[in-house]
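Just so it is clear, the structure is predicted and the values come from calculations on it, not from any experiment. Residue numbers begin at 1 in each chain, while the letters A, B, ... track the order of the sequences.
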There are 2 protein chains.
Amino acid sequence: MNAKDHARYETLAHVIKAMAHPTRLFLVEELSRGERCVLELTGMVRADVSTVSKHLAVLKAAAIVEGEKRGSNVYYRLKMPCVLSFFGCVENVIEASARERLGLVE
Amino acid sequence: MNAKDHARYETLAHVIKAMAHPTRLFLVEELSRGERCVLELTGMVRADVSTVSKHLAVLKAAAIVEGEKRGSNVYYRLKMPCVLSFFGCVENVIEASARERLGLVE
DNA sequence: TGGCGATTTGGCTATAATGCCAAATGTACA
DNA sequence: TGTACATTTGGCATTATAGCCAAATCGCCA
């Protein structure tokens, strides 16, 4: 793996890492239903407002969501709906491994 | 978000977190081309064998890859090729944000 | 302008992830 | 059986992440 490849994987990992947290996954899925402001999202999650704000900042830094300030609120929305395709794939992974454990295949 | 949902997001995050590392992304992509043993993979990466072995263990725990022991080697292969779809999506995200920064759109 | 609600930032602690080395394990084969 | 090779595991130091509180911003409106 050369330097250029390494940089590519760094960048890829940065975006995927932004998704790699339960709360942030929830935020992504919730935002896929429409824009929400920080307090609305905070009401759905067991965490401090500042924590939610920081999670949103992580998603924003990865260009997964964007926020628009209207009045004193910031409305976030999903910028890259394609990330939702992760959910289906990952749920396949989970089902498959559960099936494997139960059925003792292999 | 109730307890059941929370558990679901925990599980999803566990799998995605397994992908959220440059080296592990490389391993996934490399294994998509066919099975490889640990030393082969180590030769392609700037890291210790033990480090690569641990990365593979992470991917295996997430049911993304599987390993088969043949002789004294363990050959790993990609179990869930659907995760490759992450790459395309994530590269879109990256391109879009690059374009945005350059073109100052928005 | 003063104060209130919404959001972000700073700072701190606790926890988790990373990566190396060294040692242990497992397998083949002389 | 002993040695060499492949892989995994234990242990440790370093670094990154998470989450809370408190404080700082920002915008609105009386």
Side-chain angles (χ1 to χ4, degrees), chain A residues 1 6-7 9-28 30-31 34-77 79, chain B residues 1 6-7 9-28 30-31 34-77 79:
Chain A
M1 184 164 46
H6 192 267
Y9 288 111
E10 286 280 356
T11 317
L12 282 167
H14 179 249
V15 176
I16 294 182
K17 203 179 297 184
M19 306 267 300
H21 189 284
T23 303
R24 293 199 290 268
L25 288 176
F26 168 81
L27 294 174
V28 165
E30 181 58 31
L31 291 178
E35 61 176 26
R36 304 277 188 274
C37 72
V38 181
L39 274 196
E40 284 178 311
L41 293 168
T42 303
M44 304 172 187
V45 163
R46 192 196 312 280
D48 194 83
V49 200
S50 68
T51 301
V52 174
S53 175
K54 281 179 183 173
H55 279 310
L56 289 165
V58 170
L59 291 170
K60 189 172 155 191
I64 295 170
V65 306
E66 61 188 352
E68 185 193 350
K69 187 155 205 165
R70 288 207 303 276
S72 56
N73 297 322
V74 177
Y75 289 91
Y76 281 92
R77 57 179 158 267
K79 198 174 171 183
Chain B
M1 183 164 46
H6 191 267
Y9 288 111
E10 286 281 356
T11 317
L12 282 166
H14 179 248
V15 176
I16 294 183
K17 204 180 296 185
M19 306 268 300
H21 189 284
T23 302
R24 294 199 289 269
L25 288 176
F26 169 82
L27 294 174
V28 166
E30 181 58 30
L31 291 178
E35 62 175 25
R36 303 277 188 272
C37 72
V38 182
L39 273 197
E40 284 176 313
L41 293 168
T42 302
M44 303 173 187
V45 162
R46 192 196 312 280
D48 194 82
V49 199
S50 67
T51 302
V52 174
S53 176
K54 282 180 184 173
H55 280 310
L56 289 165
V58 169
L59 291 170
K60 189 172 156 191
I64 295 170
V65 306
E66 61 187 352
E68 185 192 348
K69 186 155 203 164
R70 288 208 303 276
S72 56
N73 297 322
V74 178
Y75 289 90
Y76 282 91
R77 56 179 159 268
K79 198 174 172 182

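For C/dA17, the OP1/OP2 oxygens have no side-chain nitrogen or oxygen of B/His55 closer than 4.0 Å.
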Under 3.5 Å, N/O pairs linking protein and nucleotides 2-9 of chain D:
residue, atom, partner, partner atom, Å
D/dA6, O3', B/Asn73, OD1, 2.7
D/dT7, OP1, B/Val38, N, 3.1
D/dT7, OP1, B/Val74, N, 3.2
D/dT7, OP2, B/Leu39, N, 2.7
D/dT8, OP1, B/Tyr76, OH, 2.6
D/dT8, OP2, B/Ser53, OG, 2.7
D/dT8, O5', B/Ser53, OG, 3.4

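Every residue two or more places apart in sequence or in another chain was checked for a ring pair (Phe, Tyr, Trp, His ring centres under 6.0 Å) with B/Tyr75, and none qualifies. Every residue two or more places apart in sequence or in another chain that forms a ring pair (Phe, Tyr, Trp, His ring centres under 6.0 Å) with A/His21 is listed here: A/His55. Listed by chain and number, the residues in a side chain to side chain contact (heavy atoms under 4.5 Å, CB included) with B/Lys69 are B/Val74 (sequence neighbours excluded).
Residues of residues 14-28 of chain A that place a heavy atom closer than 4.0 Å to DNA chain C do not occur.
Between the CG atom of B/Asn73 and the CD atom of B/Glu68 there is a distance of 11.5 Å, given to the nearest 0.5 Å. Taking CZ of A/Phe26 as the reference point, atom CG of B/Leu12 lies at 13.0 Å (rounded to 0.5 Å).
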Distance-only donor-acceptor hits, side chain of residues 46-54 of chain B, under 3.5 Å, sequence neighbours excluded:
residue, atom, partner, partner atom, Å
B/Asp48, OD2, B/Ser50, N, 2.9
B/Asp48, OD2, B/Ser50, OG, 2.8

What donor-acceptor contacts under 3.5 angstrom involve side-chain atoms of residues 34-44 of chain B, with partners at least two apart or in another chain?
residue, atom, partner, partner atom, Å
B/Glu35, OE1, B/Arg77, NH1, 3.0
B/Glu35, OE2, B/Arg70, NH1, 3.4
B/Glu35, OE2, B/Arg70, NH2, 2.6
B/Arg36, NE, B/Glu30, OE2, 2.8
B/Arg36, NH1, B/Gly34, O, 3.4
B/Arg36, NH2, B/Glu30, OE2, 2.9
B/Glu40, OE1, B/Cys37, N, 2.8
B/Thr42, OG1, B/Val38, O, 2.8

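Sequence neighbours left out, not one pair with a member in residues 10-25 of chain B passes salt bridge (Lys or Arg N to Asp or Glu O under 4.0 Å).
Direction change of the helix axis from one end of the helix from C/dT1-D/dA30 to C/dA30-D/dT1 to the other is 10°, with five pairs defining each end axis (rounded to 10°).
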